[in-house]
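What follows is one structure encoded as structure tokens, with my remarks underneath.
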Amino acid sequence: SSAPSSRQMKRWGPIAGVVAVVAVGGGVLLVTSDSDDSKSADTVETTIAVETTTGATDTTASSEPAVVTYPLSYSQAAEQGLADSIEWGDRCDTATGRIATPDYFRSECYAPFEGDNGGATAPGVTADEITLVYYEGQEGDPIMGYLTDAVAVDDTNEDRFATMAELVRYYETYYELYGRSINLVFYEGTGNARDEVAARADAIAIAEQYSPFAVLNGPDFTSAFADELAAREILCISCTPGQPVEFYSERAPYVFGLDGSSIQKQSHVLEFIQKQLLGKNAEHGGEAVQDQPRVFGYVYVESSGSSGDLADRMASEMEAIGAPFAEVVGYEIDPFAVQQTASLVITRMKAAGVTTIVFN
């Protein structure tokens, strides 16, 4: 699929925010103590007092310091015999070892951090805070309005910003941020969802004004925003339309999608077609095609420079399973030309004898 993956931030709402902040939480674990160069770059060691008793007949308990390597989950602490010696606090349900929230998917508790968190371990990170920028598209963008109005999405950028602020507060309350708080910056795009020039300018402005650890979300129909941030070595999450695997690997470790990659989505669609539709009639089509052998057509959104390559790949894979597309049509999201575009697409599909359209 080449459909915009950053749209998931809007569609999934709070879930997307949770995933994004978790990713940031993972990033702040990458700290090291300056006092010990032999430790790996992804751990911090400090000492806590754990009471241990030595000698079967000795009634005097001797205290031996136990070294705790952060991050330390509840299950890891239990395996090391430290769980009962750590003060987990009210945010942890020690009966389950998970954070004390009514969430089926709640994570394990992590030992409250004590000691040196490493200070400024990455751009946008200090000893006290982590700077994140949350991007939303231009309010009233007619391109996004055309898509969201059809499904009655009426929340404003202000609503989305407020939701993200509450998600950050939730994570600051229940998750271990190693002595840091989140400095959340809200940024509204200066151009529409397809404007590459505005997208690149926005990325530059964010990088130069805020120097963030990470940027969450981005324009839906251009990869220029992600390109610019990756070039400046700034992490961005769900900030680009769906791309081929190569796009992400070439920009690693700075660009991440929220959901499956375009290739993964194509693989699921191909498997469904092969197992459920291939060689069968168009049972659910209109009178003109009903009960005829299925003939497939492909319609895809030209959301970035990679869209055509992904479409070619999908067409090649369909041919490989014995169901070549009779017609392939790409189109741009343009609310001012959508009726004309739709008529053209339908005319071409009918002319090619298509009974079943694979839409992306």
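These numbers were taken from a predicted model, which means no experiment stands behind them. Position 1 is the first residue of the sequence; numbering continues from there.
Qualifying side chain to side chain contact (heavy atoms under 4.5 Å, CB included) partners for Ala320, counting only residues two or more places apart in sequence or in other chains: none. Listed by chain and number, the residues in a side chain to side chain contact (heavy atoms under 4.5 Å, CB included) with Val328 are Tyr298, Tyr300, Phe325 (sequence neighbours excluded).
Considering only heavy atoms from C-beta on, Pro123 stays 4.5 Å or farther from Phe213 through its side chain. Within the 4.5 Å cutoff, the side chain of Gln209 has no heavy atoms near those of the Val185 side chain.
In the hydrophobic clustering, Tyr104 connects to Phe105, either directly or through intervening members, whenever side-chain heavy atoms lie under 4.5 Å apart.
Shortest non-hydrogen contact noted between Tyr110 and Arg91 is O-NH2, 3.8 Å. Across every non-hydrogen atom of Tyr70 and Ala111, the tightest pair is CE2-O, 3.7 Å. Here the closest heavy-atom approach between residue Tyr178 and residue Pro71 is recorded as OH-CB, 3.0 Å. In this structure, Ile234 and Pro212 approach most closely via the heavy-atom pair CG2-O, 4.0 Å. The heavy-atom pair separating Pro112 from Trp88 by the smallest distance is CG-O, 3.9 Å.
For residues 267-287, every residue pair satisfying the side-chain hydrogen bond (donor to acceptor under 3.5 Å, both in side chains) rule, not counting sequence neighbours, is listed here: Glu271-Lys275. Residue pairs meeting the side-chain hydrogen bond (donor to acceptor under 3.5 Å, both in side chains) criterion with at least one partner in residues 340-352, sequence neighbours excluded, are Glu327-Arg348.
Counting non-hydrogen atoms of neighbouring residues, nucleotides and ligands closer than 6.0 angstrom, the CD atom of Glu319 reaches no more than 12 such neighbours.
Salt bridge Arg169/Glu166: present, at least one basic N to carboxylate O contact under 4.0 Å.
For the residue pair Gln243/Ser223, the side-chain donor-acceptor check at 3.5 Å is not satisfied.
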Which donor-acceptor pairs under 3.5 Å do side chains of residues 188-207 form with protein atoms, sequence neighbours excluded?
| residue | atom | partner | partner atom | Å |
| --- | --- | --- | --- | --- |
| Glu188 | OE1 | Asn157 | ND2 | 3.1 |
| Glu188 | OE2 | Glu139 | N | 3.2 |
| Thr190 | OG1 | Asp202 | OD1 | 2.8 |
| Thr190 | OG1 | Asp202 | OD2 | 3.4 |
| Asn192 | OD1 | Arg194 | N | 2.8 |
| Asn192 | OD1 | Asp195 | N | 3.0 |
| Arg194 | NH1 | Glu332 | OE1 | 2.8 |
| Arg194 | NH1 | Ile333 | O | 3.4 |
| Asp195 | OD1 | Val197 | N | 3.1 |
| Asp195 | OD1 | Ala198 | N | 2.9 |
| Arg200 | NH1 | Glu228 | OE1 | 3.0 |
| Asp202 | OD1 | Tyr187 | OH | 2.9 |
| Asp202 | OD2 | Thr190 | N | 3.0 |

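For the pair Ser211 (side chain) and Gly124 (backbone), a donor-acceptor distance under 3.5 Å is absent.
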